[in-house]
Amino acid sequence: MQSITITTPDDFHLHVRDGELMRLVVPHTARRFARAIIMPNLVPPIVSTELARQYRDRILAAVPSDASFEPLMTLYLTEQTPAAEIAVAKASGFVHAVKWYPAGATTNSHHGVQNIEKCFEVLESMQQHDLPLLVHPETTDPAVDTFDREAVFIDRVLAPVIRRFPNLRVVLEHVTTQQGVQFVQDASSRVAATITAHHCLLNRVALFEGGLRPHHYCLPILKREEHRAAIAQAATSGHPRFFLGTDSAPHSRTAKEAACGCAGIYTAHAAIELYAEVFDRLGALDKLEAFSSCHGADFYGLPRNKTKITLERTPWQVPESFSFGTDTIVPFRAGGPVNFQMVNGSAIPSKAGI
Ligand code: DOR
Ligand code: ZN
């Protein structure tokens, strides 16, 4: 197959930050995707519908004029979130979910949740209003090995919460393990998972290839080969409760190449093309559209997009970096080839062909 045309996809897990960096990255996503679930872990975090409204306006102002892109906003759950905020969020029409970061689990999560029981009233209200809970499923218990944090969190923390709120819609964000995949497969139709392109393409060997590779460091951390294979298999299986969420997470080169570098891999510049590579390698390009453009919209109760994009099997070279302000970001595959190219996006052809 030399080219494939699919319904314009949605990204159900995206970090766009704010300010100059946001203005650099939003056009990359807006060219490829019609909508994206926007993560709320700014400094300070997006804890209310009003903050989400203001952030949404700033994102919309960064969308190129010839693109059509809708940011789907989320709230950052804290132990102080008032249960009454859920009705306000639902009524807004632009808040589509609430994100649960275990405190200390990842970037800008220190305002997150230490004890989820303190949020049970909020979860009750989310269940009533049918507002999905998006989970960063990793324990912060320092006694638990970094590579085991997802599986342990699912067992100890998430499974009991799901049992207590059986009608709450829950998304395990960026699932990375066989155990996570199995958990979703065994769960009710209210439980789903997003899958990133980078967790399908890389295993943990990529962290240490010829030296320490900060641009392959993300959370949850890359796992062993058998886990990578399990999530790539889940993504390409056609199962309706696995869908696309890039977790594209830009950080400046300075923040990545540091003694204590930030977690996050930037993939928005080539996101749908990278997923196409994953599906192509497994002979499953015919399943790409369902994963990228149908399952997520269906789970969130959103209409499927009406427009199309076309990807061609034409290799192109990713730039070494993208500039913003006085710094740069180093994208996934920097300087290397991507096998698929978008020939018509929902938006702009940019200068670098990106
Ligand atoms: O690698 C990551 N980066 N994982 C996350 O959970 C957060 C994200 C970020 O915001 O940088
Ligand atoms: Zn994320």
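All residue numbers in this chain count up from 1 along the given sequence. Counting convention: from 1, in listed order, for ligands and their atoms alike.
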Close approach, Glu173 and ligand 1, non-hydrogen under 4.0 angstrom: no
Arg17 touching ligand 1 at heavy-atom level, < 4.0 angstrom: yes
Test ring-ring contact (aromatic ring centres under 6.0 Å, His included) applied to Tyr275 and Phe340, step by step: CA-CA 9 Å; Tyr275 282 104; Phe340 285 86; over 10 Å; no
Worked verdict on Phe299 versus Phe12 for ring-ring contact (aromatic ring centres under 6.0 Å, His included): CA-CA 11 Å; Phe299 186 83; Phe12 282 96; 9.0 Å; no
Of all the atoms in ligand 1, which lie at a distance below 4.0 Å from a heavy atom belonging to [X]?
{"X": "Cys218", "answer": "1 (O)"}
{"X": "His136", "answer": "6 (O)"}
{"X": "Ala249", "answer": "3 (N), 8 (C), 9 (C), 11 (O)"}
{"X": "Asp247", "answer": "4 (N)"}
{"X": "His251", "answer": "9 (C), 11 (O)"}

Residue His15, metal the Zn ion (ligand 2), N/O/S under 2.8 Å: yes
His174 backbone or side-chain N/O/S under 2.8 Å from the Zn ion (ligand 2): no
In terms of residue, atom name and distance, what is the protein heavy atom nearest to [atom]?
{"atom": "atom 1 (O) of ligand 1", "answer": "Leu219 N, 2.9 Å"}
{"atom": "atom 3 (N) of ligand 1", "answer": "Ala263 O, 3.0 Å"}
{"atom": "atom 6 (O) of ligand 1", "answer": "Thr106 OG1, 3.0 Å"}

Stepwise ring-ring contact (aromatic ring centres under 6.0 Å, His included) test for Phe153 and Trp100: CA-CA 13 Å; Phe153 182 88; Trp100 169 14; 5.4 Å; yes
Backbone or side-chain N or O of Asn41 under 3.5 Å from ligand 1 N or O: yes
Basic-acidic side-chain contact under 4.0 Å: Asp130, Arg169: yes
Sidechain N-carboxylate O distance under 4.0 Å for Asp298, Arg304: yes
Test item: Thr81 side-chain N/O and Leu77 main-chain N/O as donor-acceptor pair under 3.5 Å: no
Plane angle bin for Tyr76 and His111 - parallel if under 30°, tilted between 30 and 60°, otherwise perpendicular: perpendicular
Mutual orientation of the aromatic rings belonging to His216 and Phe332 [parallel < 30°, tilted 30-60°, perpendicular > 60°]: tilted
The Zn ion (ligand 2) to Asp247: nearest N/O/S atom name: OD1
Residue that, paired with Glu225, satisfies side-chain hydrogen bond (donor to acceptor under 3.5 Å, both in side chains) out of Lys223, Arg228, His227: Arg228
